Structure formats: structure tokens, C-alpha cells
Asks: 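A single structure is presented below for examination.
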Amino acid sequence: MSGTYNPYENMLAVLEDAAGRLGLTRNDYITMTQPERELTVSVPVVMDDGRTEVFQGYRVQHSSSRGPCKGGIRFHPDADLNEVKALAAWMTLKCAVVNIPYGGAKGGIRVDPANLSKNELMRMTKRYVAQILPIIGPEKDIPAPDVNTDGQVMAWIMDAFSMFKGYTVPAVVTGKPLDIGGSLGRVEATGRGAMLTLMSYLEKVGKSPKGMKLAVQGFGNVGSIGAKLMREQGMKVVAVSDAFGTVYNPEGLDIEAAIEYAAKNKKSLAGYSENGLKVISNQEFWSLDVDVLFPAALENQINESNAGSIKAKIILEGANGPTTVEGDKILNEKGVTIIPDILTNAGGVVVSYFEWVQNLEAFMWEEDYINQNLGKIMKRAFEDVWGICQEKKVTMRMAAYMVAIKRVVHAKKLRGVFP
Ligand code: NAD
């Protein structure tokens, strides 16, 4: 967990507020306050030098009320049970906001993958799969990429699961490379969904993206692709911050060149240069005079220490849980619009859902078809959230939680409590 904030408490605070506004009793939503299942595992790995290291791993299934559990796997030195629990709950809410037939889960290993060789990483991933094997599978719980995991890691997960089954099971995991059952459009899906959500919002408020200034925190899958697609809409990406530093160019960064640079430099922008570029501090980054801030790194990044100095009028939450409850309050008081994570970054799980359906059908869809359907689902979800936001005079975060909780509680009611 980053900082001293507890993301699970953050999630619970908003959940309870939203449930209250929906007129739900505690009895209606009590099952949503705790995950259905939490698994903590030890992951021993024989390192390249012969030593054995043991890493701590987690898989949390928050809810299966609306369908099989779904959620990414994160490799990060700060990963812990509270973080994974919060991320699992947000997955339940996210899948409900976009109305796809999934519940929510998340996994993680407490490790800095930068310190492992490729072979060590592969052995760790495969052993982790062995440890969580009883609770994952195409009908049970389907992992996907998250921070510091990518298509290669998903390929190892698919392989380990398949070896135990004795046959290849592509639908056990999404975000796979294309050659082993991945979906066209999946790599771009989260960034594309974020761009589409911002465009829906700008259309509602009668603003054009052309010339709008954007600052992006995190330059991985979500941040870099989101930045590229928003630039294609005419926005100017003036700053990018990653784990290694922050670069600023008031004239707009050359995002394609930055992406190419990071791809060749262990996903880092350290040392990147172009005409007009300045290196700035983390503090300067948050207080830049931009129109849109796109946090796309980790949770708790916008909190009471920096929310007051934020000048952006729109926060587009690409990361999960980037804003603390305190940060949220300060921004709301300042009249900043926050387009919430469970809506903004849902494009990834939508195309993951398409990938899973394609795997189950053993059929591959065209990229245009995928992007069109992603667009339809993101638009519908935005309209659902916007409708509640206007009708109930609540923030978009509250509206998104209300849309999601209503759907999860309804599913729960239809099914009844077992036994
Ligand atoms: P990634 O590993 O591809 O990229 C993470 C980026 O964040 C890297 O550029 C890293 O340098 C940067 N970063 C890490 N710590 C930082 C710090 N302290 N300050 C600034 N930058 C920092 O991860 P990703 O898949 O792009 O995920 C980013 C966020 O989006 C996470 O919150 C994740 O849960 C969320 N998300 C991802 C997806 C997906 O499909 N990948 C879907 C939905 C939500």
C-alpha cells in the first residue's frame, strides 16, 4: 500500500455513503463490505544464483454475485492484503458499472520485479499460479494484467494452469499475447476507454478537446496509451511523470517518441530528452496549470498534501483509487470534476470480457468490431452514471458507485443467501 492510507477503508467509506443515498439498509449491502474469499500464499523461487527466496502472494475474490470473478495481478513491493482487497472490490463495482457479467477479484505479489531476471520472474509467476490454482479458472476467476504485469506474464499464467489441467485453457486469463488467444484491441483498451469517457464528458459540457492541456502520472499501459489517444483528439500532453521522474514541455511532448524511448529503457522515461523539455519535481507536477490531470499510476496519489494545489479542472482517474477520501473532499469543494476510476478505466475489463468470450467460442473477432462494441459499452455506462449524477445532484464518483451497488445488490437479492 502506498503512503499511510488504507485503500480498503477508502472504498468502504464511499460504498456506505452511496448505499445510504440509495436508501439501502445495511442488510442489503452487508455482503459487499467483505470479500467472499481471501487467499494468502507463499511463493518460493529458486533464484538464478541458487538461493531460495520466498515472496508473499495474494488472490482476493470480492464478489461473484454477477458472474465469475475478474481482476488483474500486480507485482509491486508495496502490494499487501488491504490493497488487493480494495482493488478486488473496485473490480466488482467496475464490472457492474459497465454491466458485464462478472464479479470482482484481484491478485498481487509483494515483489519488485525489476530485481528479478526474466527466468526468475517466470518461475515466480508459475509457482504463484500453482498456489492459487484451486480458486482460478474460466468459470471461477479470470486474472489479467495490472501494474508491472503484461502479456508475457499472462502467457506464463496460461501455461502453468494448462499444464496442471493437461490441455490448453486460454480462457483462464486475459490480456494474453495475440498468438495464444489474446484479443485485438486489449493492450489499448484501458487507455481507449479513458479517452472515450473524457470525450463523452466534454461533449456533455459543450467543450472541445482541441488544445486542452493534459498532465499524465504513470507512463505504463494505461498512461502512455491514454496520452497517445488523447493527443490524437487534439489535446496537448504537456507533462508525464513516472516512477523515475517528471518531464514537462509547455509546447506538448512528443508522445510517440516518449513511448518508443520507454520501450527501450526498461519502461522508464529517465534520460528522455526532446526540444523544449524540462525536468520538474513531483510537487511542480501536481500544481501544473493544465486542463486535465490523468493519474494512471497507483492509488492514493491525490491526497490532502497535494489536492489543494491542483489547478486542473478535470481529473480523469486512469489508475484505481488514485484519490483518497480527503483528496476527493478538497477537490469537490474547489469545484473540480472527478471522472471516477470505476468508470474511466473500465475499458480494460470490457475488452478482457471480449477476449474471454472469444476464447470460449474459439473464434477471433475483428479489431473494428471490438472497438465499436467497447465504444458502445463505455458510452452506455457514461450515460447511466451521468443520468444519476444529474438526477440526484451527486458527484460522478457517487453516481458510479450508486449505479454499481444497485446492480450488485439486485443480483444478490435475486440469488438469495445460501443456504
Ligand atoms: P504499468 O505497470 O504498465 O505502469 C505503471 C506506471 O506507473 C509506470 O510508468 C510506473 O513508472 C509508474 N509509477 C509507479 N509508481 C509511480 C509513482 N510513485 N509516481 C509516478 N509514476 C509511478 O501499470 P498499468 O497497467 O498502466 O496500471 C496503472 C494503473 O491503472 C493501476 O492503478 C492499475 O490498477 C490501473 N488499471 C490498469 C488496467 C490495465 O488494463 N492495465 C486496467 C484498469 C486499471
Side-chain angles (χ1 to χ4, degrees), residues 1-3 7 70-79 83-84 86-88 90-91 93-95 97-98 104 106-108 112-114 143-154 173-176 182-183 185-194 197 215-228 239-247 258-259 261-263 265-270 272 280-283 285-286 293-303 306 316-323 340-353 355 374 378:
M1 186 180 87
S2 343
K70 185 85 187 83
I73 289 173
R74 168 176 297 196
F75 292 167
H76 197 275
D78 291 336
E83 181 183 71
V84 177
L87 289 161
W90 284 322
M91 286 307 298
L93 298 168
K94 193 180 303 180
C95 293
V97 168
V98 286
K106 203 81 181 193
D112 186 352
D146 193 70
V147 175
N148 292 330
T149 59
D150 56 12
Q152 176 60 79
V153 175
M154 300 306 114
V173 70
T174 59
K176 300 178 293 292
S183 175
R186 174 60 186 91
V187 171
E188 299 82 11
T190 310
R192 183 177 297 281
T197 304
V216 184
Q217 189 204 28
F219 204 59
N221 175 278
V222 182
S224 67
I225 292 168
K228 177 171 170 276
V240 171
S241 169
D242 69 9
F244 313 94
T246 305
V247 291
I259 290 175
Y261 180 89
N265 287 281
K266 296 186 171 178
K267 299 182 182 170
S268 159
L269 277 180
Y272 174 69
I280 60 170
S281 70
N282 191 35
Q283 209 180 351
F285 171 81
W286 292 112
L293 255 181
F294 182 43
L298 297 170
E299 56 273 14
N300 300 332
Q301 299 300 300
I302 301 178
N303 49 55
N306 58 2
L316 182 68
E317 292 188 333
N320 285 306
T323 313
D341 48 3
I342 58 171
L343 174 65
T344 301
N345 70 31
V349 75
V350 171
V351 178
S352 272
Y353 165 57
E355 180 175 333
L374 170 65
M378 294 307 294

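The chain is numbered in sequence order, starting from 1. Indexing begins at 1, ligand by ligand and atom by atom, following the structure's order. Note that the structure is a prediction, hence the values are computed from the model and not measured.
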Asks: Specify the protein heavy atom at minimum distance from atom 4 (O) of ligand 1: its residue, its atom name, and the distance to 0.1 Å.
Replies: G220 CA, 3.2 Å
Asks: Which residue owns the protein heavy atom closest to atom 39 (C) of ligand 1, what's the atom, and how far is it?
Replies: T190 OG1, 3.5 Å
Asks: Tell me the protein heavy atom at minimum distance from atom 9 (O) of ligand 1, and give that distance in Å.
Replies: F219 N, 2.9 Å
Asks: Write out the residue and atom name of the closest protein heavy atom to atom 2 (O) of ligand 1, then the distance separating them to 0.1 Å.
Replies: N148 N, 2.8 Å
Asks: What protein heavy atom sits nearest atom 33 (C) of ligand 1, and how far off is it?
Replies: D146 OD1, 3.1 Å
Asks: Which residue owns the protein heavy atom closest to atom 31 (C) of ligand 1, what's the atom, and how far is it?
Replies: A297 O, 3.1 Å
Asks: Checking a contact table here: which protein heavy atom is nearest atom 18 (N) of ligand 1, and how many Å away?
Replies: Q301 OE1, 4.2 Å
Asks: Does even one non-hydrogen atom of R74 get within less than 4.0 Å of ligand 1?
Replies: yes
Asks: Identify the heavy atoms of K70 and S352 that sit nearest to each other, and give their distance.
Replies: CE-CB, 3.7 Å
Asks: Counting heavy atoms only, which of V222, L298, T344 comes nearest to atom 38 (C) of ligand 1?
Replies: V222
Asks: Locate the shortest heavy-atom distance separating G218 from V216; write the atom from each residue and the value.
Replies: O-CG1, 3.3 Å
Asks: Would you indicate which of G321, A270, A243 comes nearest to atom 16 (C) of ligand 1 when only heavy atoms are counted?
Replies: A243
Asks: Do N221 and D150 pair up side chain to side chain, a donor and an acceptor below 3.5 Å, judged on atom types alone?
Replies: no
Asks: With heavy-atom distances below 4.0 Å as the criterion, list the atoms of ligand 1 near G318.
Replies: 30 (O), 35 (C), 44 (C)
Asks: Work out whether the distance between some heavy atom of R186 and some atom of ligand 1 is less than 4.0 Å.
Replies: yes
Asks: Give me the residue, atom name and distance of the protein heavy atom closest to atom 3 (O) of ligand 1.
Replies: N221 N, 2.9 Å
Asks: Should R74 and E299 count as an ion pair when the cut-off is N to O under 4.0 Å?
Replies: yes
Asks: Can you sort out which atoms of ligand 1 are near Q217, meaning under 4.0 Å from one of its heavy atoms?
Replies: 19 (N), 20 (C)
Asks: Using side chain to side chain contact (heavy atoms under 4.5 Å, CB included) as the criterion, point out the one residue from L293, N306, V240 that pairs with F285.
Replies: L293
